[in-house]
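One structure is given below, encoded as structure tokens.
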Amino acid sequence: MPVAAKICGLSTPETIDAAVRHGASHIGLMFFPPSPRHLRFADAARLSARIPDFVARVGVFVDPEDAVIDQAVAAGRLSVLQLHKTAPARAATLRARTGLEIWGAVAVRERRDLDAAASYVGAADRLLFDAKTPDGAQLPGGMGVRFDWDLLRGFGHPLAWALSGGLTAENVAEAVRITGAELVDASSGLESAPGIKDVDKIAAFLKALSHL
């Protein structure tokens, strides 16, 4: 089965177009002010208008309030909510309230961190295994940190899932080989500077996946 890709944290028309042109299945729009990839709602609306309907629009949030969700969904025409640092019960509430697909982020540093996956059954549609950021970090992801992919060998996944954390064109083939991921999520590994995506890196990443 071909490996699908979400390109996350896009903020310019050129990078949106590059992700679509080279075959991204999902595009992530960030709604978290501390992040260098944060979008204002008006900007999200302009960018979303460039995304064809066959590419899923994923809103990325950190324990969001209802008002933020409502405005982001309307502006970005979102079909997926990706939730970081959000309790399963809250995820379930948003799933019921919005009717949208929910991704619950599971931050991973060691094997026992995977135990949190089971708590999202019934609350989320997909898990996103991301690297746990350093203690005290302001951002929950998008810092180029990867975890030990061997932790996912033989893991009994309770839900559909995706792999994130430090993925680049150079290492994504190895990541897929080790974990068996069928959906990968890249952000900082495709940047020339924090928050600034590089169209050539986007193209190279998606080309690397097309050869798997």
Side-chain angles (χ1 to χ4, degrees), residues 4-51 55-64 68-69 71-73 75-86 101-107 126 128-134 137-147 162-172 175 181 183-206 208-209:
K6 170 175 166 277
I7 307 299
C8 194
L10 299 184
S11 59
T12 66
E14 294 77 15
T15 53
I16 293 282
D17 293 349
V20 171
R21 182 168 62 252
H22 294 288
S25 60
H26 299 71
I27 287 177
L29 305 175
M30 172 70 72
F31 300 94
F32 183 54
S35 171
R37 304 163 192 93
H38 171 67
L39 294 174
R40 295 177 299 181
F41 298 125
D43 292 331
R46 284 191 289 272
L47 292 172
S48 180
R50 304 183 75 89
I51 303 173
V55 177
R57 299 168 175 85
V58 182
V60 182
F61 305 88
V62 180
D63 197 18
V68 172
I69 291 286
Q71 291 179 81
V73 168
R77 295 165 53 202
L78 305 179
S79 55
V80 181
L81 306 181
Q82 178 180 317
L83 305 175
H84 291 258
K85 295 188 175 180
T86 304
E101 182 177 334
I102 300 293
W103 294 8
V106 176
R126 184 182 296 273
L128 179 74
F129 293 105
D130 198 1
K132 184 175 288 187
T133 53
Q138 190 174 29
L139 303 179
M143 299 179 68
V145 179
R146 55 169 280 190
F147 64 93
L163 179 68
S164 188
L167 296 176
T168 66
E170 292 73 28
N171 67 20
V172 70
L183 174 60
V184 294
D185 179 7
S187 183
S188 58
L190 309 183
E191 293 180 343
S192 55
I196 307 300
K197 292 292 184 297
D198 184 303
V199 294
D200 292 331
K201 291 184 177 183
I202 292 172
F205 182 81
L206 293 170
L209 285 179

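In this structure, the separation between CD1 on I196 and OG on S11 is 5.5 Å, given to the nearest 0.5 Å. Taking NE2 of H22 as the start and CG of L209 as the end, the distance is 13.0 Å to the nearest 0.5 Å. Taking CE from M30 and CZ from R37, the interatomic distance works out to 6.5 Å, rounded to the nearest 0.5 Å. Atom CD of residue Q82 and atom CG of residue D185 lie 5.5 Å apart, to the nearest 0.5 angstrom. How far CG of N171 is from CZ of R146: 6.0 Å, rounded to the nearest 0.5 Å. Going from atom CZ of F61 over to atom CG of L81 covers 5.5 Å, rounded to the nearest 0.5 Å.
Put simply, the side chain of R57 gets close to the backbone of I51: a donor and an acceptor are under 3.5 Å apart. Listed for the S48 side chain is a donor-acceptor partner under 3.5 Å among the backbone atoms of G76. For T15 (side chain) and T12 (main-chain N/O), a donor-acceptor pair under 3.5 Å exists by modelled atom type.
Side-chain contact check for V55 versus S25: every heavy-atom pair is 4.5 Å or farther apart. Residues L190 and D198 form no side-chain contact, since every pair of their non-hydrogen atoms from C-beta on lies 4.5 Å or further apart. Between K201 and E191 the shortest side-chain heavy-atom distance does not fall below 4.5 Å. A 4.5 Å side-chain heavy-atom check between F32 and D63 finds every atom pair outside the cut-off. Side-chain contact between L206 and I7: present, with at least one pair of heavy atoms (C-beta onward) separated by less than 4.5 Å. With contacts defined as side-chain heavy-atom distances shorter than 4.5 Å, the pair L39/L47 qualifies.
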(request) Let me see the working for V60 and C8 under side chain to side chain contact (heavy atoms under 4.5 Å, CB included), right down to the final yes or no. (result) CA-CA 8 Å; V60 182; C8 194; 3.7 Å; yes

(message) Is there a side chain to side chain contact (heavy atoms under 4.5 Å, CB included) between I102 and L83? Walk through the geometry before answering.
(response) CA-CA 7 Å; I102 300 293; L83 305 175; 3.8 Å; yes

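Of all the heavy atoms in F129 and F147, the pair that sits closest is O-CE2, 3.7 Å. Residues L10 and L29 share a closest heavy-atom pair of O-CD2, 4.2 Å. Among all heavy-atom pairs drawn from A181 and V184, the shortest one is CB-CG1, 4.2 Å. Taking each heavy atom of A5 and F205 in turn, the nearest pair found is CB-CE2, 4.2 Å.
Note: W103 and H84 fail the aromatic proximity criterion, with ring centroids not under 6.0 Å apart.
K197 has no carboxylate O lying under 4.0 Å from a charged side-chain N of E14, or vice versa, which leaves the two without a salt bridge.
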